[in-house]
Amino acid sequence: MDAVEIFTALGTPEGRANPYPLYAKLHELGEAVSPAAGAVIVVGYDAISAILRDPGFGVTDEDRLEQDFPGWRDNPVFVQAMDWLLNLNGPKHARIRSLIARTFTARRVAGLAPAIGKMADDLLDAMADRGADGSAVEFMHDFAYLLPVTVICELIGIPEADRESFRPVARDLARVFEFDDIAHLPAINDAAVELLAYFTGLAASRRTDPRDDLISDLLAVSESADGRLSDAELLHNLTLLLVAGFETTTNLLGNGLQIILQEPQAGAGVAAGSVPADAFVAEVLRFDSPVQLTSRIGYETKIGGVMISDGDNVTTVLGAGNRDPRRFADPDVFRPSRSDGGPLSFGGGAHFCIGAALARLEGGIAFPRIVRRFPKLAAAGEPIRRDTFLLRGFDELPITIV
Ligand code: HEM
């Protein structure tokens with residue numbers, strides 16, 4: 001198969017369901033390939049890592065979007081997204097990132113651990129009730145989705161009473177990451193408008209009545225004299241935290257559970273403590289990355305033997321880099337004890353995931369609880385995969401627990 005045939009196959013339902021054999025074929029072609037003029041696909045671990053750390057490779061920002069999609073300003077979602085950290089380059093990215101990082105501290109994340117443990121236990125209690133008679137329960141909705149969305153609401157400071165109505169809207173907005181059909185745009189725009197209105201109201205109430213939450217801290221930072229954060233930048237990045245923070249982590253939990261269902265000894269090791277939870281989470285991230293790819297705009301250089309030109313679309317396939325045989329021994333084997341390097345699943349360089357520690361914490365708390373609570377956990381029918389490529393995960397993962 002040549003590169004074009006492999007990409008065509010990756011776009012089919014079978015390719016989406018299991019891209020790994022196709023990634024293996026890409027690895028045989030080299031670290032990077034150019035299937036068409038102006039497009040470069042990078043699958044090698046070292047090459048991806050180098051690109052993400054190289055400031056010469058920018059992300060698609062306002063200037064680039066203007067070239068590719070001149071009507072973007074008519075869409076509220078793009079107006080917000082063009083302030084998102086993910087879509088900023090240079091000094092503007094550095095300024096907003098450092099201000100947000102000042103509030104998204106290791107202390108704040110670690111402080112969430114008891115609340116996450118309690119939320120996980122509550123969700124498992126509810127699953128235990130529903131599945132006590134041997135009937136199937138649905139892991140994706142009942143746990144994998146509810147835990148991260150509740151955690152991110154807790155972190156930001158969204159009151160409990162608002163959370164239920166909030167979740168479907170956040171989910172609609174998250175579809176912007178898989179944006180492949182213009183027909184989805186109206187729903188995504190509606191979600192963007194609704195979330196922004198919600199955060200505007202919440203910020204106004206926290207301004208007069210600050211609490212111990214991220215939104216209050218961000219408001220304090222934005223009002224401090226040094227390096228201001230505008231109101232729009234603050235509110236827009238709140239919507240980013242929400243959408244970047246839960247669907248990804250939902251997929252980490254779902255993809256990890258599927259591995260436990262297929263390889264029960266991995267789950268038994270976590271339950272017994274012989275497999276440290278952190279190592280299990282790191283290997284889930286490597287083996288079946290919740291985020292399969294990200295992209296950059298190229299400049300005149302050479303990567304993995306392929307010439308790159310100014311303005312090229314460079315796709316870094318994180319999920320393929322994680323299975324690079326040049327980097328990992330037996331890349332297709334799930335082995336939490338491996339010591340051959342960390343996964344690329346959180347990216348690298350200036351845009352390295354700001355929520356990585358939180359996602360690892362959630363996984364590290366959730367998996368041991370699940371396997372200890374439900375030692376008889378088993379699949380109950382075929383899982384249903386989400387028909388998405390960038391975000392990789394399941395829609396439904398039915399299980400029995402007794
Ligand atoms: C398993 C879960 C997660 C995965 C796999 C993941 C993956 C990623 C990746 C690959 C990037 C870099 C994208 C790029 O370089 O273009 C990123 C950035 C980001 N992530 Fe995550 N993420 C996860 C969880 C979270 C959580 C829990 C939050 C927040 C609560 C979060 C917030 C962000 C933000 C704000 C950025 C943008 C950083 C920047 O551009 O400077 N993520 N994430």
Side-chain angles (χ1 to χ4, degrees), residues 42 48-49 51-55 57-61 80-90 92-101 103-105 108-109 112 116 144-145 147-158 170 174 177 213-215 218 233-234 236-256 281-297 314-319 321-322 342-367 390-393:
V42 189
I48 294 173
S49 198
I51 289 171
L52 296 179
R53 284 170 176 73
D54 180 346
F57 286 92
V59 295
T60 296
D61 59 10
Q80 287 182 36
M82 285 303 109
D83 270 340
W84 287 354
L85 285 179
L86 280 175
N87 302 320
L88 298 176
N89 289 306
K92 186 170 177 188
H93 176 261
R95 170 175 60 86
I96 300 185
R97 170 118 185 173
S98 75
L99 292 171
I100 293 180
T103 63
F104 205 115
T105 57
R108 180 175 292 287
V109 170
L112 286 168
I116 297 172
Y145 172 60
L147 183 72
V149 76
T150 315
V151 171
I152 194 82
C153 287
E154 180 81 21
L155 173 84
I156 294 177
I158 295 160
F177 293 126
D213 55 28
L214 193 113
I215 188 165
L218 275 172
E233 289 165 352
L234 183 156
H236 294 167
N237 277 288
L238 280 175
T239 63
L240 168 64
L241 284 180
L242 186 75
V243 295
F246 82 87
E247 195 133 352
T248 45
T249 314
T250 295
N251 291 345
L252 164 67
L253 297 172
N255 296 355
V281 170
E283 183 64 348
V284 173
L285 287 163
R286 185 197 71 82
F287 190 78
D288 204 13
S289 180
V291 177
Q292 285 287 304
L293 57 89
T294 183
S295 53
R296 293 292 184 267
I297 306 301
V314 179
T315 305
T316 47
V317 189
L318 310 172
N322 285 343
L344 293 166
S345 314
F346 291 120
H351 292 273
F352 182 79
C353 176
I354 222 168
L358 179 60
R360 287 198 191 102
L361 181 70
E362 287 181 52
I365 289 175
F367 286 118
L390 191 151
L391 297 179
R392 179 170 168 79

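Values reported hereafter were calculated over all heavy atoms of this structure, with side chains retained and with hydrogens, waters and symmetry mates removed. Start at 1 and go down the list; that is how both ligands and their atoms are numbered.
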Suppose I only count heavy atoms of [X] and a 4.0 Å limit; which atoms of ligand 1 are within that range?
| X | result |
| --- | --- |
| His93 | 39 (C), 40 (O), 41 (O) |
| Leu318 | 10 (C) |
| Val291 | 5 (C), 7 (C) |
| Leu240 | 35 (C) |
| Leu86 | 13 (C), 18 (C), 37 (C), 40 (O) |
| Gly347 | 10 (C) |

With rounding to the nearest 0.5 Å, note down the distance linking [atom1] in [X] to [atom2] in [Y].
| X | Y | atom1 | atom2 | value |
| --- | --- | --- | --- | --- |
| Leu241 | Leu155 | CG | CG | 7.5 Å |
| Leu147 | Ile152 | CG | CD1 | 11.5 Å |
| Leu391 | Gln292 | CG | CD | 9.5 Å |
| Arg360 | Ser345 | CZ | OG | 9.0 Å |
| Glu233 | Leu238 | CD | CG | 12.0 Å |
| Ile158 | Ile215 | CD1 | CD1 | 7.5 Å |

Requested in this report: May I ask you to decide whether Asp61 forms a salt bridge with Lys92, counting only side-chain N to carboxylate O separations under 4.0 Å?
Outcome: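 Between Lys92 and Asp61 there is no salt bridge, as every charged N stays at least 4.0 Å from the carboxylate O atoms.
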[atom] [closest protein heavy-atom partner, distance rounded to 0.1 Å]:
| atom | answer |
| --- | --- |
| atom 34 (C) of ligand 1 | Ile354 CG2, 3.8 Å |
| atom 12 (C) of ligand 1 | His351 O, 3.4 Å |
| atom 6 (C) of ligand 1 | Phe346 CD2, 3.6 Å |
| atom 14 (C) of ligand 1 | Thr294 OG1, 3.3 Å |
| atom 21 (Fe) of ligand 1 | Cys353 SG, 2.3 Å |
| atom 24 (C) of ligand 1 | Thr248 OG1, 3.4 Å |
| atom 33 (C) of ligand 1 | Ala244 CB, 3.8 Å |

Strictly distance-based, threshold 3.5 Å: is any side-chain N or O of [X] a donor or acceptor partner for the main-chain N or O of [Y]?
| X | Y | result |
| --- | --- | --- |
| Asn237 | Leu85 | yes |
| Thr250 | Ala144 | yes |
| Thr316 | Leu318 | no |
| Asn87 | Ala81 | yes |
| Arg392 | Pro290 | no |

Run down the list [options] and name the one with the heavy atom closest to [atom].
| atom | options | value |
| --- | --- | --- |
| atom 28 (C) of ligand 1 | Gly256, Gly245, Ala101 | Gly245 |
| atom 10 (C) of ligand 1 | Ser345, Gly363, Ala350 | Ser345 |
| atom 41 (O) of ligand 1 | Glu362, Arg97, Gln292 | Arg97 |

Query - Region of Leu85 that comes within reach of ligand 1 [heavy atoms, distance under 4.0 Å] - result: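 Under 4.0 Å from ligand 1, Leu85 contributes backbone and side-chain atoms.
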Query - ligand 1 contact on Ile152 by region, counting heavy-atom pairs under 4.0 Å - result: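 Side chain only.
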Among the heavy atoms of [X], does any lie under 4.0 Å from an atom of ligand 1?
| X | result |
| --- | --- |
| Arg296 | yes |
| Phe104 | yes |
| Leu344 | no |

Query raised in the report: So Phe346 and Phe352, would you call those rings parallel, tilted or perpendicular, with 30° and 60° as cut-offs?
Result: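 The rings of Phe346 and Phe352 stand perpendicular, inter-plane angle above 60°.
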Query - Check: Thr249 N/O within less than 3.5 Å of ligand 1 N/O - result: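 Min N/O separation from ligand 1 is not below 3.5 Å for Thr249.
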